[in-house]
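By convention in this document, chain letters (A, B, ...) are assigned in the order of the sequence lines, proteins followed by strands, and residues within each chain are numbered from 1.
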Protein chains: 2
Amino acid sequence: MRTDAQIARGTRLEPISAIAQSLGIEADEYEPYGRDKAKLSLGLLDRLSGRPDGRLVLVTAINPTPAGEGKTTTNVGLSMALNRIGRRAVTTLREPSMGPCFGLKGGAAGGGRAQVLPMEDINLHFTGDMHAIGAAHNLLAAIVDNSIHQGNPLDIDPQRVVLRRVVDVNDRALRNVVVGLGRRVDGVPRQSGYDITVASEIMAVLCLASGFDDLKARLGRIIPAYTRDGEPVTVDRLGVTGALALLLKDAVKPNLVQTTENTPAIIHGGPFANIAHGCNSVLALRMGLKLADYTITEAGFGADLGAEKFLDIVCPSAGLVPDAIVLVATVRALEFNGGVQGAALDAEDLGALDAGMVNLEQHLDNLAKFGVPVVVAVNEFPTDTAAELDLVRERCAELGVRAVGSTVFADGGAGGVELARAVVELCEQPGEFTPIYDAESSLRGKIETVAREIYRADGVTFSSMAQRQLERLSAQGFDELPVCLAKTQYSFSDDPGLLGAPRGFTITVRELSVRAGAGFVVGLTGDVLTMPGLPSRPAALDMDIDADGRITGLS
Amino acid sequence: MRTDAQIARGTRLEPISAIAQSLGIEADEYEPYGRDKAKLSLGLLDRLSGRPDGRLVLVTAINPTPAGEGKTTTNVGLSMALNRIGRRAVTTLREPSMGPCFGLKGGAAGGGRAQVLPMEDINLHFTGDMHAIGAAHNLLAAIVDNSIHQGNPLDIDPQRVVLRRVVDVNDRALRNVVVGLGRRVDGVPRQSGYDITVASEIMAVLCLASGFDDLKARLGRIIPAYTRDGEPVTVDRLGVTGALALLLKDAVKPNLVQTTENTPAIIHGGPFANIAHGCNSVLALRMGLKLADYTITEAGFGADLGAEKFLDIVCPSAGLVPDAIVLVATVRALEFNGGVQGAALDAEDLGALDAGMVNLEQHLDNLAKFGVPVVVAVNEFPTDTAAELDLVRERCAELGVRAVGSTVFADGGAGGVELARAVVELCEQPGEFTPIYDAESSLRGKIETVAREIYRADGVTFSSMAQRQLERLSAQGFDELPVCLAKTQYSFSDDPGLLGAPRGFTITVRELSVRAGAGFVVGLTGDVLTMPGLPSRPAALDMDIDADGRITGLS
């Protein structure tokens, strides 16, 4: 088996101009960034506004495990398989965060023969979107501290600056810092900290914006601080909406690349799937829907987090209706949910698989509540046995859901043809998409609905701080916003150790905060790490590049 | 008079492919970044290695004043004027720092009819070089703190981590910070701070590297910290030379753009001119010398800082010999040196001009010591009178130097034809370039030579800390490095208030530190601000961009 890097090097990329032309994009509607990347002009959407939308397919997964699920690989492979059966498809993906590549995690560009390329660019600076978002965020932070320093005309409470700074590096030492030390000219001391750039509200804003004017409107509504009287101080009030938009003038344009089989891929935006909504930009989706018959997108983490947010935050906000959902699982990950770990995952274990299936089944049951047709994609590993695959198929069939094997990692698009056919069929079925909660219900009601209907908690406990915050947010008029619950991705519950389909637990909401620009209220359950650390032996130590550009250690 | 932005909008840019072709750059030797920018492959230098170098012309200036000198405008205008008289010329420039654009300062892309374009891209993210340098720098910082946190196997002294973090934002609150607060998993608390990205040693390294292998060698020699025994801990020792080089794989490639008259401009790298050497990259210079008959470059601040460093650090390190120097002055700036300020600068004042000429004369006398032929370019303002211009010309003639008027701001290349002819003549004169000090002399000796010969100080006082550091650096084998003195740019002395050509002062060297990767020893005199702050009304407040991309407030 060749490595991802070997497969990537062996792929003949089409000129990005040819990829753009294959989608009917006109010469003045894209700008090349190097030979293999391009930025797509928003004017494209104006030109194609009269064209009917194609089909929208969401790829999601069971709860993530160390055994791996292969959501991005399945997404990419499905788009290639659709093209093989004569349907024009594009894959849309999130932009990977660069920082984690130098820590433990590999990149996020698919794998095997189902990758998006050029992998080394996509995983590093790409077209600079992440850096632009970081620059805009950190300019805003400097503007806030400068306003306090320069006589504090807006009466900002230095203790209630809620905006932290961001950097796209895993840097635990920045989680908690004191800024403004030194002499009087060096600002006002206060405690703060850094998040990784994908956690920036500006990332969420960029991903939910429907166009440039909406981007500016959302930027202007961001609340980085509060006055001493507790009143929100918005970006509009600080007067830098235009400056932030200027810094994002290119970042707002979706990026075009291609897969290992030259299928067009639109990669744009990559918000966290806990404190944000975990989906690529709405602009990328809209472009896909106008340019192709099938747009395959994905949502971060498992379906309890990413899919729930796609269906309850993204689709209602953008006015999108998904036509089908692909739920990705692997035999290994299901066996992990059934209590098996490590090397034992390589052996057939029908008992563990049977036990772990409850995780998959609960996700299927949840997704059925949204009224969108679902297919299960079993991302096959060489260690899977026929009996194991049969068991998954049978259990799904009992719920009325088809489970289809996929070997796109090993075989590329050819390994996803059966899945592609299933998705095409699914898209012909009538759906009745409906979010899990009404926009009109209270914030508390929305949180309780998600906890009950999706997580299957017995109830929700709000900390005394969270209760005060619920009241304040309601008084400030934020009750109609959707909720974005930050919870561990490893379990339906807020305890990462509870695998499978836990019951008899409650969810504790520790803290609430509004993302007035993005347009949702975040509820924190448990500890959520918004700044990863580096491990004792960071991946950076094994990376190299020579004068001819040959790269090692980046995957 | 049209504004810079109006002139820029009225300019018809050639496709960047046409600019590349005009220089004989082959199709696989450049990558487009958008429609108007390209990155140049280092392979270009291999292909052209047998071609003789063109002429190298340095543009420098008298000490900067609030009245303005116009060094970049003159540089750009001269390159256009040379093309008008049938010489193939390119301008090479530093990449502007983005942060200050949102504070007080305008951009750094020339002005009037002598600009490089697209101004809004060059002044903002450009092709991402600055962000890549910042990412590499901050990854290194995280690796150092992580090594301390993960058992500290290299015995790094947390009190002797000399590397600060960087960001390309004017943010006074980050000058002094405490990092590593929180719980045990959040790292080891220590005091540190942020500089603006252009102050990163990685910027200086990138600008002095002769190729990719040299870039890696220099990165590996950077010393971010010392052990508890005072031994240097290098990037090589930390094991991340390859990872940093990987992050710089595109940033190391010079950027091609064009002027308002479609003259090729190579813009690459932009180190500070106080704690670093203040010149664009050696790779940009080498490309210019191979591709054009005349390469016009410039050095930061006045000739006492930028030109001295170009001639004593850059040229010896890169093996370059400059053919001519253009010293830029304005009547207004000379009158400012003669004691006039504000609106009074608009009126003819031959007395003040006569008094201020001593600043220009000392720069000329200094430059003569380097053995490179010099011409004075008087960047004309509408308020200048014939008598004032005559006075400058006469005083220069007394020193055997020609002073030529330039109206490139108002007239473009046509306003620089006389200057261009003078430069061509100068380049035919035999020069005997020699740095001001021998590489073999001690660090102390080198500092004393610059202070005596360039600044005209009576002597140098070393603080007791600086004396100890001199001994330590000498013992560590750094005596053969050139020195990079950080001094106020406003005066020949270390007191910004002493204009003209001060005498009877001494220079105090407060602190020394080695930039082992860049290859120089920095000596700090007075206070040097490596992180600017925002003013009470930042320029960001007046910036805007609409959905059609029309920008206001950025200049």
Counting C-beta onward and ignoring hydrogens, is there a side-chain heavy-atom pair between [X] and [Y] closer than 4.5 Å?
X: B:L554; Y: A:L246; result: yes
X: A:D121; Y: B:K249; result: yes
X: A:R165; Y: B:V167; result: no
X: A:V240; Y: B:F102; result: no
X: B:K216; Y: A:D544; result: yes
X: B:N146; Y: A:R172; result: yes
X: A:M98; Y: B:L247; result: yes
X: A:R175; Y: B:V185; result: yes

Non-hydrogen atoms of chain A under 4.5 Å away: do they reach the side chain of [X], the backbone, both or neither?
X: B:P535; answer: backbone
X: B:D542; answer: neither
X: B:I148; answer: neither
X: B:D186; answer: both
X: B:V169; answer: side chain

Here the gap from A:K39 atom NZ to B:Y33 atom OH, rounded to the nearest 0.5 Å, amounts to 12.0 Å
Separation between CG (A:L248) and CG (B:L124), nearest 0.5 Å, reads 10.5 Å
At a heavy-atom separation under 4.5 Å, does [X] approach chain B through its side chain, its backbone, both, or neither?
X: A:V177; answer: both
X: A:V178; answer: both
X: A:P538; answer: side chain
X: A:D168; answer: neither
X: A:Y194; answer: side chain

**Prompt:** Counting only heavy atoms not in B:R237, do more than 12 fall under 6.0 Å of its CZ?
**Reply:** no
Side-chain donor or acceptor of B:Q150 paired with backbone N/O of A:L534 under 3.5 Å: yes
Is there a donor-acceptor pair under 3.5 Å between the side chain of A:R35 and the backbone N or O of B:P32? no
Looking at [options], which makes the most heavy-atom pairs under 4.5 Å with chain B?
options: A:L244, A:I143, A:N170, A:D145; value: A:I143
options: A:V179, A:D213, A:D548, A:I551; value: A:V179
options: A:L238, A:L215, A:L139; value: A:L139
options: A:D546, A:V252, A:L42; value: A:D546

### Query
Hey, what's the ring geometry for B:H131 with A:H131, parallel, tilted or perpendicular (30° and 60° as the breaks)?
parallel
